[in-house]
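Single-structure report; data block below.
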Amino acid sequence: MKGGKSPGTDGFPTEWYKTMQDQLIPTLLKTFNWVLENKNIPPSWREAVISTIPKEGKDKLECGNYRPVGLLNNDYKLFTSILSKRIELILPVLIHEDQTGFVKKRQTQDNIRKSLHVVRQVTQQRLETLILSLDAEKAFDSVRWSFLYKVLSKCGFHPTIIDTFAALYGGPTARVKINGDLSNSFILERGTRQGCCASPLLFALFVEPISQLIRQRTDIKGVPMASGEQKLALFADDLLISVTQPTQTLPKLMKLLEEFGSISGYKINVNKTQILTFNYDPPVSIKTIYNWNWEDESIQYLGVSLPRDFTRLYNINYDPLNSKIKTDIQRWNVIPFLSLSSRIESIRMNILPRMLYLFQCLPVRIPSKQFLEWDRLIARYLWQGKKARIKFKTLQLRKEKGGMGLPCLQEYYYAAQLRPLVCLCSPSYTAAWKEIEGTMVKGIPITALLNDNKLQEEQEIPEDSITGSFLKSWQEITKICRFKNTSKIMRWCAYDSDFSPNKLDGRFKTWITRGLTSYYSFVHKGVFQSFETLQKDHGLGKDDFFRYLQVRDYFNKNIKEALGKDGPGFMEVFLALTKSRTCDKIISKLYNAIQLSKQENTEYIKRKWEKEIGVKISQENWEKICQLQWLSTGSNTWREFCWKNITRFFITPIQKRHQGSGDACWRLCGSIGANHFYIFWDCQAMRSYWEEIHKHINNVFNVNIPLKCETLFLGNILFETWNIKDKKLLAILLAASKKCVTRKWLKVDPPTIDEWIEIVYEIYVMEKISYSLKVEKDIFYKTWSKWTEHVKPARSDFI
């Protein structure tokens, strides 16, 4: 259960349930089983509070322009979430692949990708086609319960489950909350309950009969394709229907929808219906009956514009997004208190999701200059138009590598474009677009073309096609991650242009049906499997033995030796994903693999510290130093400050000498050439300060840390014997010690121990509040116990 959510009428939030779970679980278990046995529910489960949220860009004086959000009690949500977790396991069997909403392992972009294939097929074949985007009128609120229970019964649900849902939906009441005031209670007579965890799944089952009926009706003609006739694409109540022979088919379709609505309560919102015609000029009779905009050049479906002209797919979707992002950044730029990390978070949380959605949905090439333009826009926003103090590529590195985790849009684009490729290679992933896209390209599976340039040239696949898009992305990733040699294992022995036996022997193609496709399918844990194993697992016959020897010989000579050259990296992650059964977080895993394979790093920063301090820091220790900076507190401001110290963010006299101010230390110690090492550590005025810090830290942890810059300032300490709480406390104390220095920036007087203790107290108070909000005060006191014991004689306010 997610925290920070509004509770229902009883006022008990999720945090209360988590804290009291040991006492509550036995009672909840008895209650839930009692509900199942008696088909009755507690009175409090019938109650709901409805809050209203204004719709963006709508007139707030109109009641219909508010979105109602229902709040139910958390014990009700717990019960329905248990039912939902069990129902969702069988939902993919009950609901056709055309429906991608609220069904496990199905995603929005599945239907968009399928629809793009349909549009391309219609354009190429010049079929007389009509695509309708239909929206249900108050879809979830119009569900007729008697019809829903009939659907559940027809799907084979046990009477206990049906009766339980009938009890949950039997006479629910609600009150509307406006400006803090509650209306009188009223009874809800239809619709799935807002806030109910089972509501989306029930609606997916409710709408399935009409989609099934449309598929079964032979007089409603869809778009013929190699994988079968395509008619529908659904995401919950958003319905996209593709029909050929529109003049004859459209009246039958609309009549069918009207009949379904009279029985179920499902009603089409005619005002929101969008249409797109291909090679079709409707007669006057059709235009008269259906008063729609027949001249539209594109339609909106699930947040994506589908144009009639496929070549406009990039511009019609990305141009409005670019304008919106520029407007947002201009608005954010006037906010004076946003720190660097806050600005990076705004990119990650606001801009990246919007772009990533289009990256996933649209298989189109984005020019390199567009990514450069986006990077420049983001860089100006991050640095407020001033000169950058840290390289942009350094900011894009992972935090443990010394970066700030700023999203690299181009690498996210590549990862998103390669997601369908993982799905095509994964036998556990099912989707309607996969059946379309996985069909043969002149007799060759698409996945067999991946790493075989000769084969791709023979097929003459256009770069602007859907297939050509991700093949191009694969080639780009091959260059970035440098796995050209390793990628040969993805070739198929039946089609490999360098494997000559397949040109004379067609038997290799029969192996495909037995699961022997790429060379990777012959390998287990890096070893080419024996013929006996392949016989057992894939049903090879004795007459296949010579072919097995041919494949093994080719593998040993051309692929096995190449596997170790590139080392572990992107290819290893990609292959693991193709064998995964979950297909979860594919894009993030591919993105992380790209990040780890890149050559960019913070080695240049490490070398500067090594030169100034006069020591050698290993790469392993440098990564530990970078990781320590993000361990200090839960505050992004403090974590960013620690990172700034390590990455040499602050400007020292030696960096300002070209401005005519000289490079002498501002503490009047007489030294010139004051660099980072000197200003933070080596200055004579700083020595007594660091000696006192060193003494306090050794006393707090009862250790003997060397009095050196690389230990106390950078944090290069052997932590093998340290527990996580002491490590966190040390990181906080070191952060405060560096903050003392920067608070006295450009001042003659050096920092003092009293100032350090005061800064530690500021962090202490902030952390205490944070842990209190998380109901984790016991962890807080354990973390700070050694410090409070140490400072108690002098500062009682730490207790």
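The model shown is predicted, which means the values in this text are computed figures rather than measured ones.
Taking the ring axis of Tyr429 as reference, the NZ or CZ atom of Lys434 does not stay both within 45° of it and closer than 6.0 Å to the ring centre. Annotation: cation-pi geometry satisfied between Arg343 and Tyr381 (NZ/CZ under 6.0 angstrom from ring centroid, within 45° of ring axis). Relative to the six-membered ring of Tyr554, Lys560 misses at least one condition, a distance below 6.0 Å or an angle of at most 45° to the axis. A cation-pi arrangement, defined by a distance under 6.0 Å to the six-membered ring centre and an angle within 45 degrees of its axis, is present between Arg389 and Phe649. In this structure, Lys399 forms a cation-pi arrangement with Trp630, its terminal cationic atom sitting closer than 6.0 Å to the ring centre and no more than 45° off the ring axis.
A salt bridge links Lys606 to Glu603: at least one charged side-chain nitrogen sits closer than 4.0 Å to a carboxylate oxygen. The pair Glu612-Lys608 fails the salt-bridge criterion, with no side-chain N (NZ, NE, NH1 or NH2) lying under 4.0 Å from an Asp/Glu carboxylate O. A salt bridge links Asp498 with Lys454: the closest approach of a Lys/Arg side-chain nitrogen to an acidic carboxylate oxygen falls below 4.0 angstrom.
A donor-acceptor contact closer than 3.5 angstrom links the side chains of Thr602 and Trp622. A donor atom on one side chain and an acceptor atom on the other are not found under 3.5 Å apart for Trp332 and Asn350. The closest side-chain donor-acceptor pair between Thr578 and Tyr520, if any, does not fall under 3.5 angstrom. No hydrogens or angles considered: nothing links the side chains of Thr478 and Gln475 as a donor-acceptor pair under 3.5 Å.
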Go through the steps to decide whether Gln655 and Thr652 satisfy the test side chain to side chain contact (heavy atoms under 4.5 Å, CB included), and finish with yes or no. CA-CA 5 Å; Gln655 291 173 295; Thr652 57; 3.2 Å; yes

Would Glu345 and Asn636 satisfy side-chain hydrogen bond (donor to acceptor under 3.5 Å, both in side chains), going step by step from the backbone distance to the final call? CA-CA 10 Å; Glu345 284 300 314; Asn636 274 338; 4.9 Å; no

Would you please test Phe641 and Asn645 for side chain to side chain contact (heavy atoms under 4.5 Å, CB included) and show each step? CA-CA 7 Å; Phe641 170 76; Asn645 279 276; 3.3 Å; yes

Passes side-chain hydrogen bond (donor to acceptor under 3.5 Å, both in side chains), Tyr357 versus Thr108? Steps please. CA-CA 9 Å; Tyr357 183 71; Thr108 311; 4.9 Å; no

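Between Leu362 and Tyr314 the shortest side-chain heavy-atom distance does not fall below 4.5 Å.
Aromatic ring pairs are classed by plane angle as parallel below 30°, tilted from 30° to 60° and perpendicular above 60°; the pair Trp722 and Phe719 is perpendicular.
Atoms CD1 and CG, on Ile351 and Leu377 in that order, are 7.0 Å from each other to the nearest 0.5 Å. Asn333 contributes atom CG, which lies 7.5 Å from atom CD1 of Ile329 (distance to the nearest 0.5 angstrom).
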